[in-house]
Enquirer: 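Dropping a structure here in structure tokens format, bear with me for questions.
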Amino acid sequence: TYFSGIEDSRNRVAIETEEFVQDLLKGRISVYQFLRNPVAENAQKVRNNFSDLDKNVSELKPIVSVQKDKILCDEIINSSKEYVKTFDEFADKWILDFSNGKTESAEIKATIKKMAQAGEVLEGKIKEINKSAVESKEDAHSTFNTVLLILMVSAIALFIGISIVISNMISRSLVDFKNGLISFFDYLNKKTSKTLLLDDSSRDEFGEMALFVNENIKQIEKTLN
């Protein structure tokens, strides 16, 4: 159950990080739409999309088990905020220029280029945490299978061991019971002058039968004498 829980947790992390890729794609598409149609509504969509990404990463951080992934979560959030900060540097100005019929200035183009570079860094961090999460998931799955195999082998070995012990106990009791009866029949047939009682010290069915036979051996021996 413990290792199954670890596997489920890491599988969830892997799924969440795959969604980060989709969140980033939505954010960059909204940026492209804003560049084509720079209005306040589209600018807010960009901010909302990256805000959702930050929220999802923040919610994932407490459940990741690998320290490296926790650090990557912080780096993704910082990169996302830097991306939005760069976006804010030109968004309002580009909305105003576009409404006045102006084309992209050199300053805006430089800012867009800077934002594109920040986006590449952010994308790289997201791909890195996704790769790490997938590797952790596969490692947990492998560990889970190994644990199940060990448990199965241990259970089989324990079962075989107990079976051998019980079988030996039964065989030993049967041999003792047989030897006691042979000794008694030898006494009845005058082959020996003395009979041996069966071992009735065990607390199982063989001990109960041996006790019953011993009582009869004593009675028959007394009668014969």
Side-chain angles (χ1 to χ4, degrees), residues 1-98 104-145:
T1 302
Y2 171 74
F3 286 101
S4 176
I6 292 178
E7 183 184 21
D8 291 342
S9 176
R10 294 188 178 181
N11 186 55
R12 176 187 169 189
V13 171
I15 293 173
E16 290 284 347
T17 56
E18 289 175 359
E19 292 181 358
F20 293 167
V21 178
Q22 303 301 320
D23 290 339
L24 177 60
L25 180 61
K26 285 170 58 178
R28 299 184 80 169
I29 289 175
S30 64
V31 170
Y32 176 75
Q33 290 173 338
F34 171 78
L35 293 176
R36 296 292 302 272
N37 184 23
V39 294
E41 182 181 355
N42 287 343
Q44 190 58 43
K45 285 182 179 179
V46 173
R47 297 184 182 100
N48 291 341
N49 285 332
F50 281 94
S51 177
D52 290 341
L53 173 62
D54 294 347
K55 178 184 176 183
N56 292 336
V57 175
S58 297
E59 291 176 350
L60 179 71
K61 182 181 175 182
I63 67 173
V64 297
S65 57
V66 182
Q67 184 60 29
K68 174 186 173 183
D69 292 345
K70 291 182 180 292
I71 295 174
L72 281 171
C73 285
D74 291 333
E75 292 178 349
I76 289 171
I77 293 173
N78 292 334
S79 296
S80 176
K81 290 184 180 302
E82 183 65 27
Y83 187 87
V84 175
K85 179 182 177 182
T86 306
F87 173 78
D88 289 337
E89 289 178 0
F90 83 95
D92 293 339
K93 187 175 187 309
W94 177 228
I95 291 173
L96 181 61
D97 289 350
F98 185 82
E104 294 179 0
S105 64
E107 180 183 356
I108 290 180
K109 289 181 179 180
T111 306
I112 292 175
K113 182 178 179 181
K114 178 182 176 182
M115 189 173 67
Q117 292 173 345
E120 290 177 359
V121 173
L122 177 58
E123 183 179 7
K125 296 295 182 182
I126 290 177
K127 287 182 178 179
E128 186 176 352
I129 194 174
N130 178 245
K131 180 181 178 182
S132 176
V134 171
E135 290 175 351
S136 296
K137 179 191 73 172
E138 292 175 350
D139 181 62
H141 181 69
S142 176
T143 302
F144 180 60
N145 287 339

Enquirer: Do Asp23 and Phe50 have side chains that approach each other closer than 4.5 Å (heavy atoms only, starting at C-beta)?
Expert: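 No - every pair of side-chain heavy atoms lies 4.5 Å or more apart.
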Enquirer: Are there more than 12 heavy atoms of other residues, nucleotides or ligands under 6.0 Å from atom NZ of Lys70?
Expert: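 Buried by this count: over 12 neighbours within 6.0 Å.
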Enquirer: Is there a donor-acceptor pair under 3.5 Å between the side chain of Asn49 and the backbone N or O of Lys45?
Expert: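 Side chain of Asn49 to backbone of Lys45: a pair is present.
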Enquirer: Output yes when Glu123 and Lys127 qualify as a salt bridge under the 4.0 Å nitrogen-oxygen rule, no when they do not.
Expert: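 Yes, this pair counts.
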Enquirer: Dump the intermediate steps for side-chain hydrogen bond (donor to acceptor under 3.5 Å, both in side chains) on Asn78 and Glu82, then the final yes or no.
Expert: CA-CA 6 Å; Asn78 292 334; Glu82 183 65 27; over 6 Å; no
Enquirer: At what distance, to the nearest 0.5 angstrom, does CD of Glu138 lie from OG1 of Thr143?
Expert: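 It is 11.5 Å, given to the nearest 0.5 Å.
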Enquirer: For Val121 and Gln117: C-alpha separation, side-chain torsions, deciding distance, then whether side chain to side chain contact (heavy atoms under 4.5 Å, CB included) applies.
Expert: CA-CA 6 Å; Val121 173; Gln117 292 173 345; 5.9 Å; no
Enquirer: Taking atom NZ of Lys81 and atom OG of Ser79, what is their separation to the nearest 0.5 Å?
Expert: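 So the gap between those two atoms works out to 11.5 Å.
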Enquirer: Could you tell me whether the side chain of Phe90 reaches within less than 4.5 Å of the side chain of Leu35, counting heavy atoms only?
Expert: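 Leu35 vs Phe90: side chains touch.
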Enquirer: Ignoring hydrogens and angles, tell me if any N or O in the side chain of Ser136 forms a donor-acceptor pair with the backbone of Ser132 under 3.5 Å.
Expert: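 Checked: pair present.
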Enquirer: Assess whether side chain to side chain contact (heavy atoms under 4.5 Å, CB included) is satisfied between Glu89 and Met115, documenting all intermediate values.
Expert: CA-CA 10 Å; Glu89 289 178 0; Met115 189 173 67; over 6 Å; no
Enquirer: For Phe34 and Phe87, I'd like to know if the aromatic rings sit close, meaning centre-to-centre distance below 6.0 Å.
Expert: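 Yes, the ring of Phe34 comes within the 6.0 Å limit of the ring of Phe87, centre to centre.
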Enquirer: Given Asn11, which of Asp8, Ile15, Val13 fulfils the side chain to side chain contact (heavy atoms under 4.5 Å, CB included) condition?
Expert: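 Answer after filtering Asp8, Ile15, Val13: Ile15.
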Enquirer: Measuring from Gln22:CD to Leu53:CG, what's the distance to the nearest 0.5 Å?
Expert: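 Going from the CD atom of Gln22 to the CG atom of Leu53 covers 11.5 Å.
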Enquirer: Which atom pair, heavy atoms only, marks the closest approach of Ala133 to Ala14?
Expert: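 What the structure gives for the nearest pair is CB-CA, 3.7 Å.
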Enquirer: Would you say Asn56's side chain and Asp52's backbone share a donor-acceptor pair under 3.5 angstrom?
Expert: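 A pair under 3.5 Å: yes.
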Enquirer: How far apart are the closest heavy atoms of Ser58 and Ile77, and which atoms are they?
Expert: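 Smallest interatomic distance, heavy atoms only, reads OG-CD1, 3.3 Å.
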Enquirer: Please determine which of Leu24, Asp88, Val31 meets the side chain to side chain contact (heavy atoms under 4.5 Å, CB included) test together with Tyr83.
Expert: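 Between Tyr83 and the candidates, side chain to side chain contact (heavy atoms under 4.5 Å, CB included) is satisfied uniquely by Val31.
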Enquirer: Would you compute the distance between atom CD of Glu16 and atom SG of Cys73 and round it to the nearest 0.5 angstrom?
Expert: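 One gets 10.5 Å once the value is rounded to the nearest 0.5 Å.
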Enquirer: With a 4.5 Å heavy-atom cut-off, do Asp54 and Ile76 have their side chains touching?
Expert: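 Not in contact.
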Enquirer: Would you say the side chains of Tyr32 and Arg28 form a donor-acceptor pair under 3.5 Å?
Expert: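 No.
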Enquirer: For Gln33, is there any backbone N or O sitting under 3.5 Å from a side-chain donor or acceptor partner on Asn37?
Expert: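 Not confirmed, Asn37 side chain does not pair with Gln33 backbone.
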Enquirer: What's the verdict on side chain to side chain contact (heavy atoms under 4.5 Å, CB included) for Val57 and Phe20, showing C-alpha distance, side-chain angles and the deciding distance?
Expert: CA-CA 8 Å; Val57 175; Phe20 293 167; 3.7 Å; yes
Enquirer: Tell me, do Thr17 and Lys131 make a side-chain contact under 4.5 Å, heavy atoms counted?
Expert: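 The answer is no; the side chains never approach within 4.5 Å.
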Enquirer: Do other residues, nucleotides or ligands put more than 12 heavy atoms under 6.0 Å from Arg12 CZ?
Expert: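 Incorrect, the count does not exceed 12.
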Enquirer: Can you tell me how far the NZ atom of Lys113 sits from the OG1 atom of Thr86, to the nearest 0.5 Å?
Expert: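 Going from NZ on Lys113 over to OG1 on Thr86, the span is 14.0 Å.
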Enquirer: With a 4.5 Å limit on heavy-atom distance, are the side chains of Asn42 and Ser30 in contact?
Expert: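 Result no, sub-4.5 Å side-chain heavy-atom pair not found.
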Enquirer: For the CG atom of Leu96 and the CG atom of Asp92, what is their distance to the nearest 0.5 Å?
Expert: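 The CG atom of Leu96 sits 9.0 Å away from the CG atom of Asp92.
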Enquirer: I'd like to know if the side chain of Ser51 and the backbone of Arg47 have a donor-acceptor N/O pair within less than 3.5 Å.
Expert: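 The answer is no, because no donor-acceptor pair under 3.5 Å joins these two groups.
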Enquirer: Does any part of the side chain of Lys68, heavy atoms only, come nearer than 4.5 Å to the side chain of Ile129, both counted from C-beta?
Expert: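 No - every pair of side-chain heavy atoms lies 4.5 Å or more apart.
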